[in-house]
Trainee: 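Please find one structure pasted underneath; my questions will follow.
We count ligands from 1, going down the list as the structure has it; atoms in each ligand are counted the same way. Just so it is clear, the model here is predicted, and its values are computed rather than measured.
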Amino acid sequence: MSTRIRIEGGVPLSGTVPISGAKNAVLPILMASLLTERPCRLKNVPHLKDVTTSIELLAQMGAEVGLADQWTIELDTSRVAHHEAPYELVKTMRASVLVLGPLLARFGAARVSLPGGCAIGARPVDQHMRGLAALGADVRIESGYIVAEADRLTGARIVLDTATVTGTENIMMAAVLAEGTSVIENAAQEPEVADLARCLNDMGADVEGAGTNTIVIRGVPELGGYDYRVLADRIEAGTFLVAAAMTGGKVHAKGADPRTLDAVLQKLEQAGARIDSGADWIELDMAGRRPKAVDVTTAPYPGFPTDMQAQFTALNAIAEGTGVVRETVFENRFMHVQELQRLGADMRVDGNMVVIRGKDSLTGAPMMATDLRASASLVLAGLVAEGATLIDRVYHIDRGYENIEEKLGQLGARIRRVTEKAA
Ligand code: UD1
């Protein structure tokens with residue numbers, strides 16, 4: 001059986017779309033349940049493949065995981081007995097590496113397979129390992145596994161070479177149970193790092209400065225459980241707003257937090273969109289206009305997110321004028337370009353840059369999703385292309401977008417999932 005997404009383009013999107021909880025906050029917070037023997041409860045959890053993989057990983061270790069309701073997960077890690085994340089799971093989701101810090105902090109031992117995940121560059125984990133070693137752990141690589149051991153971690157000052165998101169989270173989760181004070185300098189400032197810190201503080205941790213580039217963590221002997229509601233997914237929200245802008249439509253993103261999307265909203269305004277927002281909503285009105293091309297350079301937060309790069313590449317494909325998109329966070333993150341060219345997009349890759357000359361129209365064609373965010377850009381292009389677009393390997397989309405075809409369908413898009421017997 002093969003499942004594809006089929007889109008008939010050309011409908012300006014209109015209406016309200018509910019924004020789900022943030023995948024990139026849910027994953028570390030689920031793993032943070034390993035830091036305590038007490039029960040934990042996480043609310044606003046989206047239905048995503050990466051969430052299922054995280055639950056499977058925790059369950060394999062001996063955690064009890066259940067659903068309180070459709071969007072609420074309950075976790076009890078009091079009986080966790082295995083301290084290992086096997087290759088089979090880690091290769092499908094790189095964020096599995098987030099169990100390293102919590103396991104080491106609570107049990108003094110962890111074995112985590114070196115990650116696979118999205119094929120978007122080398123994506124090493126050296127900073128995770130260096131940070132945990134600075135806290136006093138013995139960290140080494142053995143037969144493809146990161147092995148970390150420590151009696152009790154001790155606070156340290158860690159200056160990261162690159163502001164890695166999951167690296168910052170891993171070190172932060174280890175340091176909350178260390179003896180003494182830790183400082184992470186050049187820390188990632190992403191809203192999801194701050195959300196994890198808020199949850200850790202609810203558990204009784206003492207973390208200050210998360211969301212800035214210096215995080216101070218005063219270790220505590222033990223932590224309690226959490227009952228926490230995760231923040232909204234800024235990347236999902238941004239993707240729907242780009243969809244509205246590309247189709248000349250008007251979309252209200254309900255639950256979105258505009259404070260986490262400054263760089264993206266600025267670019268959408270430059271593209272000609274009118275944007276209104278409140279504490280937990282953003283509305284974009286394109287009033288039937290064609291977007292203007294925009295230049296974009298990705299950077300760590302608060303810069304323009306790499307996870308929105310492919311979507312803006314798609315926007316430029318049908319914009320008025322020429323746009324230049326530079327990728328500075330990951331190498332090899334232009335795999336969507338080849339696919340978008342199949343719809344007639346005029347784009348040329350030159351090193352870490354893609355130059356896009358906007359076309360009046362694109363034409364539907366079969367395409368193949370290559371990674372999570374790239375696949376979102378294919379859907380966006382399909383929404384404006386003339387005729388039918390068929391997207392293969394939709395499991396990439398399901399890793400990070402909850403019910404994307406249902407949500408777009410509610411906004412008027414002609415989109416559905418088709419399952420056929422393989423030829
Ligand atoms: C997280 C997000 C992902 C997003 C990315 C960048 C999660 C689950 N995923 O991924 O959606 O695209 O941030 O915003 O939150 N690096 C090193 N050494 C390390 C770690 C990273 O050199 O030990 C480099 C990477 O190769 C990359 C850069 O640092 O060039 C940023 O990567 P990082 O922030 O670690 O990305 P992730 O945390 O994997």
Side-chain angles (χ1 to χ4, degrees), residues 21-32 46 48-51 53-54 57 90 92-101 112 114-134 139 141 146 148 158-174 184 186-197 210 213 230-231 233-236 238-239 260-261 263-264 297-311 326-336 352 371-377 396-397 399-401:
K23 169 181 92 76
N24 285 355
V26 167
L27 304 186
I29 294 176
L30 287 176
M31 307 313 185
L48 299 173
K49 186 72 182 54
D50 277 9
V51 172
T53 306
S54 304
L57 175 58
V90 182
T92 65
M93 187 187 71
R94 189 177 189 281
S96 312
V97 74
L98 285 165
V99 298
L100 190 58
V112 175
L114 284 166
C118 281
I120 52 169
R123 300 187 88 173
V125 286
D126 56 303
Q127 298 302 306
H128 302 234
M129 294 176 64
R130 210 168 59 78
L132 299 178
V139 189
I141 293 187
I146 307 165
I158 296 148
V159 184
L160 294 174
D161 291 350
T162 50
T164 153
V165 176
T166 48
T168 301
E169 291 166 346
N170 238 337
I171 298 165
M172 191 162 82
M173 287 192 280
I184 310 176
N186 193 26
Q189 305 178 55
E190 268 67 5
E192 293 76 19
V193 175
D195 207 41
L196 169 64
N213 63 5
V230 81
L231 91 168
D233 197 311
R234 63 194 164 100
I235 305 300
E236 189 201 22
T239 302
T260 61
L261 275 158
V264 171
T297 300
T298 67
Y301 194 83
F304 185 91
T306 173
D307 286 351
M308 286 299 300
Q309 179 259 104
Q311 296 87 320
R326 283 191 184 78
E327 174 58 63
T328 73
V329 179
F330 291 116
E331 75 254 40
N332 194 21
R333 211 178 195 186
F334 285 135
M335 286 175 294
H336 45 288
N352 73 342
D371 71 63
L372 171 51
R373 304 304 168 188
S375 56
S377 74
H396 285 294
I397 306 181
R399 282 191 50 209
Y401 290 90

Trainee: Return yes or no for this condition: an N or O of Arg373 is under 3.5 Å from an N or O of ligand 1.
Mentor: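 Between Arg373 and ligand 1, no N or O pair is found under 3.5 Å apart.
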Trainee: Can you name the atoms of ligand 1, numbered from 1 with element, that are less than 4.0 Å from a heavy atom of His128?
Mentor: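 Answer for ligand 1: 23 (O).
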Trainee: Does the side chain of Thr298 reach to within under 4.5 Å of the side chain of Arg333, using non-hydrogen atoms?
Mentor: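 With C-beta onward as the side chain, the pair stays apart.
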Trainee: Is the shortest heavy-atom distance from the side chain of Tyr401 to the side chain of Asp233 under 4.5 Å?
Mentor: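 The answer is no, as the side chains (C-beta and beyond) never meet within the 4.5 Å cut-off.
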Trainee: Go through ligand 1 atom by atom and flag the ones less than 4.0 Å from a non-hydrogen atom of Gln127.
Mentor: 18 (N), 19 (C), 23 (O)
Trainee: For atom CZ of Arg326, decide whether the heavy atoms of other residues, nucleotides or ligands shown that lie under 6.0 angstrom number more than 12.
Mentor: no
Trainee: Could you tell me whether some N/O pair between Glu169 and ligand 1 is separated by less than 3.5 angstrom?
Mentor: no
Trainee: Once side chain to side chain contact (heavy atoms under 4.5 Å, CB included) is applied, do any residues pair with Asn24, and if so which ones, sequence neighbours excluded?
Mentor: Glu192, Asp307
Trainee: What are the atoms of ligand 1, with element, lying closer than 4.0 Å to any heavy atom of Arg94?
Mentor: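 Per the distance check, 39 (O).
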Trainee: Closer than 4.0 Å to some heavy atom of Thr306 - which atoms of ligand 1 meet that?
Mentor: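 That gives atoms 6 (C), 12 (O), 14 (O) of ligand 1.
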Trainee: Heavy-atom contact check, 4.0 Å cutoff: does Glu192 meet ligand 1?
Mentor: no
Trainee: With nothing but distance in play, are any N or O atoms of Lys23 less than 3.5 Å from an N or O of ligand 1?
Mentor: no
Trainee: Roughly how far, to the nearest 0.5 Å, is CE of Met335 from NE2 of His396?
Mentor: 8.5 Å
Trainee: Test your reading of the structure: does Val329 have an N or O sitting under 3.5 Å from an N or O of ligand 1?
Mentor: yes
Trainee: Flag Pro124 as yes when one of its N or O atoms lies below 3.5 Å from any N or O atom of ligand 1, and as no otherwise.
Mentor: yes
Trainee: With sequence neighbours left out, write down each residue that passes side chain to side chain contact (heavy atoms under 4.5 Å, CB included) with Thr260, or none if nothing qualifies.
Mentor: Pro191, Leu231, Arg234, Asp257, Tyr301
Trainee: Kindly indicate whether the side chain of Gln189, heavy atoms from C-beta on, has any atom under 4.5 Å from the side chain of Pro300.
Mentor: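 No, their side chains stay 4.5 Å or more apart.
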Trainee: Would you mind listing which atoms of ligand 1 come within a distance below 4.0 Å of any non-hydrogen atom of Val165?
Mentor: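 By the 4.0 Å cutoff, the relevant atoms are 1 (C), 13 (O), 15 (O), 33 (P), 34 (O), 35 (O), 38 (O).
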Trainee: Do the side chains of Ile184 and Leu160 get nearer than 4.5 Å, heavy atoms only?
Mentor: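 They are in contact (side-chain heavy atoms under 4.5 Å apart), so the answer is yes.
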Trainee: Report yes if the side chains of Val112 and His128 come closer than 4.5 Å at any heavy-atom pair, otherwise no.
Mentor: no
Trainee: Answer yes or no for Arg333: is there a heavy-atom contact with ligand 1 below 4.0 Å?
Mentor: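 Arg333 counts as a contact of ligand 1 under the 4.0 Å cut-off.
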Trainee: Which ligand 1 atoms are under 4.0 Å away from a heavy-atom of Asp307?
Mentor: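 In order of number, 3 (C), 4 (C), 11 (O), 12 (O).
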Trainee: Taking 4.0 Å as the limit for heavy-atom contacts, which would you say applies to Thr162 with ligand 1: side chain only, backbone only, both, or neither?
Mentor: side chain
